[in-house]
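What follows is one structure encoded as structure tokens, with my remarks underneath.
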Amino acid sequence: MTETTATDHPPALLPTLPGDFYTSASVFAAEQEQIFEATWCCAARSDELAEPGRFKNVQIGRESVLVVRGRDGVLRAFLNVCRHRGAALCTEPEGQVRRNLRCPYHAWTYALDGKLVAAPNLAALKEPTGEGIDRYRYGLIPVALTEWLGYAWVCLADEPPSFAEEVVGAVTHRLGDPTAIEHYGIEDLTVGRRVVYDVAANWKLIVENFMECYHCATIHPELTEVLPEFAKGLAAQYYVGHGAKFGSEISGFTIDGSAGFETLPGVTADQDRRYYAITVKPAVFVNLVPDHIIFHRMYPLAADRTVVECDWLYTPDVVAQGRDVSRSVELFHRVNEQDFAACERTQPAMSSRAYRHGGVLVPSEHHIAEFHEWVVSRVGPGDAR
Amino acid sequence: MTETTATDHPPALLPTLPGDFYTSASVFAAEQEQIFEATWCCAARSDELAEPGRFKNVQIGRESVLVVRGRDGVLRAFLNVCRHRGAALCTEPEGQVRRNLRCPYHAWTYALDGKLVAAPNLAALKEPTGEGIDRYRYGLIPVALTEWLGYAWVCLADEPPSFAEEVVGAVTHRLGDPTAIEHYGIEDLTVGRRVVYDVAANWKLIVENFMECYHCATIHPELTEVLPEFAKGLAAQYYVGHGAKFGSEISGFTIDGSAGFETLPGVTADQDRRYYAITVKPAVFVNLVPDHIIFHRMYPLAADRTVVECDWLYTPDVVAQGRDVSRSVELFHRVNEQDFAACERTQPAMSSRAYRHGGVLVPSEHHIAEFHEWVVSRVGPGDAR
Amino acid sequence: MTETTATDHPPALLPTLPGDFYTSASVFAAEQEQIFEATWCCAARSDELAEPGRFKNVQIGRESVLVVRGRDGVLRAFLNVCRHRGAALCTEPEGQVRRNLRCPYHAWTYALDGKLVAAPNLAALKEPTGEGIDRYRYGLIPVALTEWLGYAWVCLADEPPSFAEEVVGAVTHRLGDPTAIEHYGIEDLTVGRRVVYDVAANWKLIVENFMECYHCATIHPELTEVLPEFAKGLAAQYYVGHGAKFGSEISGFTIDGSAGFETLPGVTADQDRRYYAITVKPAVFVNLVPDHIIFHRMYPLAADRTVVECDWLYTPDVVAQGRDVSRSVELFHRVNEQDFAACERTQPAMSSRAYRHGGVLVPSEHHIAEFHEWVVSRVGPGDAR
């Protein structure tokens with residue numbers, strides 16, 4: 001893959017989405033229903049839930065989803081709602097139960113596989129037919145769950161789309177090679193740092209920002225120092241398989257270009273000294289560098305508010321030995337802060353008459369139009385039409 | 001009345017209301033209009049308004065209602081709105097005026113019976129017919145008021161329903177005897193303690209919670225210690241006329257079962273050492289124990305927020321002598337906190353797909369279904385149908 | 001002009017607007033669109049923006065408008081939205097740029113006349129026709145601006161109404177003489193004090209309050225001390241050309257009636273020792289007194305929230321010499337606080353059933369009915385019809 005310039009591309013400006021896509025409560029509700037509650041979303045790091053009974057409470061779309069490790073070692077997900085009168089089973093963001101999930105209101109009690117196993121007077125309860133009640137029919141409502149890259153991905157759809165096509169396929173499509181991601185051994189890494197950002201902007205502004213690098217020269221001085229080609233405005237994900245090269249003076253993907261850690265064992269020579277960025281729609285960004293991974297998950301709370309969780313993943317050795325990750329964390333943390341500030345200053349104008357018909361995409365942003373088409377294909381044409 | 005067990009009852013599960021009844025702004029607006037602004041609501045303790053000119057400002061449905069004692073000793077209620085340009089006559093929650101209610105904006109002045117008695121240039125003001133204006137037509141807008149049990153009950157309906165049927169009838173229906181409530185002499189008691197709770201839950205969750213005792217064993221250890229039959233899950237109000245018996249070791253309705261005060265003078269032998277709970281729809285709960293009364297009033301502010309005022313009533317002697325009411329207050333205060341916490345953890349799930357068609361009522365909760373039917377009869381079938 | 005009494009006027013009560021005009025989100029949206037985004041609004045004091053590149057960010061209707069002084073000395077206004085991807089050009093309330101307005105997201109850069117003058121790869125960007133892009137078509141979107149009385153007035157309408165008719169005409173109509181305002185030389189004065197009030201009331205309640213003086217005797221003791229005729233309830237703006245006379249013991253328009261500053265040079269003998277109040281719809285109030293001007297601008301933020309900025313204007317000498325303006329500021333500052341408190345106690349009743357069909361206007365308030373007709377002519381009959 002050779003570097004190219006924007007002049008290789010059709011130079012005409014393309015329209016963006018109209019402003020109401022970023023502000024309308026009805027568009028946001030449609031996105032929750034048709035995107036976040038219909039596709040695969042990344043819910044938790046699997047090794048946060050190592051022991052049986054360990055659980056995490058995650059907001060997916062408009063639902064509270066409980067991800068819990070079973071006594072059989074299997075990770076499962078359920079709606080966090082008691083089947084009796086609807087109390088939340090767990091209100092803590094995470095925790096540990098011994099054997100069962102017991103509703104603290106009336107003591108209906110569920111096994112870690114969701115089956116209703118106890119309740120006051122349970123033996124006397126009957127189905128309308130007069131038979132004893134079905135312990136699974138009144139068990140917790142399951143949510144589809146798949147583990148990949150060391151994360152638990154869940155899908156609220158009754159019939160989830162193919163994980164291989166939608167999630168694995170997005171990564172393969174970007175890297176051009178189904179095995180490229182495997183070289184990084186992400187499932188074996190450990191979270192060395194997690195930062196949670198509360199961003200006053202629509203989730204799509206954050207996706208669009210991540211997808212293009214036309215802004216890099218303006219707002220990311222540290223990043224363009226490490227990846228000089230970014231100063232030209234082309235994102236790493238602009239070309240299939242392309243990774244941005246480190247500058248010749250740069251030793252590692254750190255705030256000052258100093259050396260990072262040992263290259264991850266499986267990383268190949270052509271992957272070394274390069275940065276790859278991958279967008280997994282709707283809400284995951286993965287950044288690959290030779291010695292660590294930066295993994296973002298977005299949780300949209302309102303048309304103008306999005307929580308972003310960002311994990312920095314290292315080898316278990318790096319973390320166990322307490323080696324100093326702060327210089328590598330600082331680089332992308334600063335990028336995140338720069339990007340989210342830009343998104344926040346963009347959000348207010350989405351309701352302006354100036355943006356009623358949207359803005360424009362320059363040639364190096366043209367691939368964002370595909371993201372816009374995907375959104376429209378799921379939620380329809382918005383309010384303004 | 002003998003104690004019975006749940007097995008006397010049809011064992012099948014019944015459905016609850018769908019979740020949207022607890023979250024929808026339009027259902028809540030219909031409830032304000034068809035329930036809280038159409039039925040009798042309890043507004044104030046009469047003896048808080050002993051002297052002429054003493055007033056209290058109460059939110060009933062979506063209206064600010066002024067309850068005020070007249071110079072003739074009569075308690076009256078009015079909408080708290082000046083007829084001229086709409087300023088609130090009183091913005092303080094309670095207070096005292098000397099002779100009249102005077103609007104602080106343009107000085108329109110009303111007698112305590114609502115008549116317009118003064119205004120700048122009043123003599124010059126004319127009806128469109130050219131006659132002097134009608135001092136009652138431009139007087140304060142009256143609200144129906146009835147005193148009972150020492151409380152002022154108000155009704156915003158143009159034609160209020162029968163107080164005898166709707167309020168007194170509810171108590172008689174529960175106790176099975178029209179005179180049973182009179183034995184407690186509630187109108188002669190005094191407020192020994194008032195606690196105001198701000199609950200992040202729909203008002204109906206609080207009613208349903210109060211109506212059943214299936215949760216008592218799980219969340220009310222102190223109450224079930226005093227009333228051992230509650231551990232079986234049947235509410236005191238499950239059977240007409242039934243009051244839950246104190247445990248044999250229990251001396252009084254107090255946090256530690258120690259003795260309370262002297263039994264109220266009129267209480268009969270079969271009422272003694274028993275606890276009776278009464279729901280007066282929509283928003284009053286009365287608890288009778290031998291030596292005091294616990295009286296709850298609910299004021300719904302939003303689909304997910306309800307203010308509850310709870311009075312502990314004792315004989316004037318107990319209060320005047322400064323006797324220590326803290327052990328009896330503590331018992332039901334703790335029950336309140338346990339109940340409201342349960343309601344608050346239930347509210348979020350009301351918007352979950354898991355509760356789209358509601359939950360289920362176990363046999364000992366079946367009487368809640370009548371409450372649900374009453375709600376539907378007033379506000380219709382909700383959003384989801 | 002002689003003083004008169006209310007009995008000169010038809011005495012019958014007139015109806016006000018119905019309550020929903022003051023609470024409804026849809027009425028408020030219509031007002032934003034048909035009033036505040038369609039008529040001339042006062043945005044900034046011109047001399048705050050003296051140097052080229054000096055800018056101010058003002059909320060007009062629902063838009064963020066940038067008022068900026070050009071290098072040619074001309075004041076212009078633009079929507080504060082980058083034409084590329086919509087970021088706000090300036091988020092500070094005011095500031096200074098050197099030569100251009102540069103978007104901090106992708107560095108699109110605009111001259112102070114709005115022309116797009118630079119952007120990364122700008123030369124390579126093309127219109128769909130293949131031609132280079134039009135630097136004005138992708139320039140900042142202009143907003144009409146006129147300077148008068150030393151203020152910048154802006155209008156978001158595509159075809160602004162006549163400034164001479166709507167703004168200058170309102171002043172002439174009130175004062176009865178097109179030259180009367182000129183005697184005060186307002187454009188040459190300087191801001192000696194600015195106070196910003198955040199009022200929890202609909203903007204129309206504030207206009208109505210300003211238009212009548214029936215409330216003066218009740219809530220403005222200091223003002224009626226200075227202007228004794230106000231105690232009778234007739235506003236200064238009740239009669240064309242009328243200014244309220246200072247009391248015979250009063251030396252100046254100050255909190256204690258003590259002397260103010262020298263009379264403004266152009267003020268005529270019949271204007272001296274008088275107070276004139278002018279309403280320029282929708283949102284400007286001007287008060288003229290012999291030695292200073294009190295100038296209010298309202299910015300409605302919601303149906304129940306309005307920001308009011310009030311300037312006290314003096315000769316440049318008074319300000320430059322640091323003379324003590326506090327006694328003249330204090331008088332109208334106290335009036336403002338009294339008025340806004342009255343408006344805030346009126347707002348809640350606007351949603352009461354008592355105000356469903358509105359209140360009444362007494363004869364000395366009848367001119368408010370014209371304001372109501374003007375509002376209805378712009379936004380239609382409201383929700384309730």
Side-chain angles (χ1 to χ4, degrees), chain B residues 25 29 32-33 36-38 57 59-66 77-92 102-110 114 116 118-134 137-143 156-158, chain C residues 5-19 21-23 200-202 204-205 208-209 211-220 230-234 338-366 368:
Chain B
Q32 291 283 44
E33 190 171 325
F36 295 97
E37 297 172 9
N57 209 331
Q59 178 89 4
I60 302 292
R62 296 159 299 191
E63 296 291 340
S64 166
V65 173
L66 210 55
F78 304 102
L79 295 180
N80 181 20
V81 176
C82 180
R83 298 304 305 280
H84 169 222
R85 296 261 303 284
L89 292 165
C90 305
T91 52
E92 312 78 14
R102 180 175 180 270
C103 178
Y105 194 174
H106 301 86
W108 280 37
T109 303
Y110 304 88
L116 176 64
N121 299 324
L122 178 60
L125 301 184
K126 294 284 182 285
E127 299 269 359
T129 59
E131 295 180 81
I133 66 170
D134 181 328
R137 189 181 152 208
Y138 288 97
L140 296 179
I141 296 175
V143 174
L156 285 160
D158 291 333
Chain C
T5 70
T7 54
D8 296 345
H9 302 280
L13 301 172
L14 294 180
T16 70
L17 290 174
F21 269 83
Y22 303 86
T23 59
N202 186 273
K204 297 188 295 299
L205 292 178
E208 294 159 10
N209 169 279
M211 290 182 80
E212 54 93 359
C213 205
Y214 186 54
H215 66 271
C216 289
T218 314
I219 71 174
H220 297 317
F230 273 15
K232 295 189 201 133
L234 291 182
Q338 291 155 346
D339 280 336
F340 301 153
C343 295
E344 290 187 342
R345 83 179 294 141
T346 302
Q347 180 67 31
M350 297 297 103
S351 58
S352 171
R353 57 174 67 187
Y355 217 74
R356 193 169 291 156
H357 303 293
V360 290
L361 300 174
V362 302
S364 64
E365 297 170 325
H366 279 188
I368 296 177

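Keep in mind that what you see is a predicted model, and the values were worked out from it rather than measured. Residue numbers begin at 1 in each chain, while the letters A, B, ... track the order of the sequences.
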Can you confirm whether [X] sits close enough to [Y] that some side-chain heavy atom of one is under 4.5 Å from a side-chain heavy atom of the other?
{"X": "C:Ile219", "Y": "B:His106", "answer": "no"}
{"X": "C:Tyr355", "Y": "C:Thr16", "answer": "yes"}
{"X": "B:Asn57", "Y": "B:Thr91", "answer": "no"}
{"X": "B:Phe78", "Y": "B:Leu89", "answer": "no"}

Engaged part of [X] at the chain C interface, taking heavy atoms whose separation is under 4.5 Å:
{"X": "B:Ser64", "result": "neither"}
{"X": "B:Glu37", "result": "both"}
{"X": "B:Arg85", "result": "both"}
{"X": "B:Leu156", "result": "both"}

inquiry  = Quick check on the 6.0 Å ring-centre criterion: do C:Tyr214 and B:His84 meet it?
reply    =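 Centroid distance C:Tyr214-B:His84: below 6.0 Å, so yes.
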For [X], is it the side chain, the backbone, both, or neither that has a heavy atom closer than 4.5 Å to a heavy atom of chain B?
{"X": "C:Ile368", "result": "side chain"}
{"X": "C:Glu208", "result": "both"}
{"X": "C:Asp339", "result": "neither"}

request  = Mark yes or no for whether B:Arg62, through its side chain, and C:Arg353, through its backbone, hold a donor-acceptor pair below 3.5 Å.
outcome  =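 Between the backbone of C:Arg353 and the side chain of B:Arg62 there is no qualifying donor-acceptor contact (under 3.5 Å).
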inquiry  = Keeping C:His366 on the side-chain end and C:Ala12 on the backbone end, is there a donor-acceptor pair under 3.5 Å?
reply    =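 Confirmed, C:His366 side chain pairs with C:Ala12 backbone.
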Pick from C:Leu361, C:Leu14, C:Asn209 with the largest number of heavy-atom pairs that fall under 4.5 Å of chain B =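 Counting heavy-atom pairs under 4.5 Å, the top option is C:Asn209.
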key: Pairs of heavy atoms under 4.5 Å with chain B: top-ranked of C:Gln347, C:Met350, C:Gln338, C:Arg345   =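 The residue among C:Gln347, C:Met350, C:Gln338, C:Arg345 with the greatest pair count is C:Arg345.
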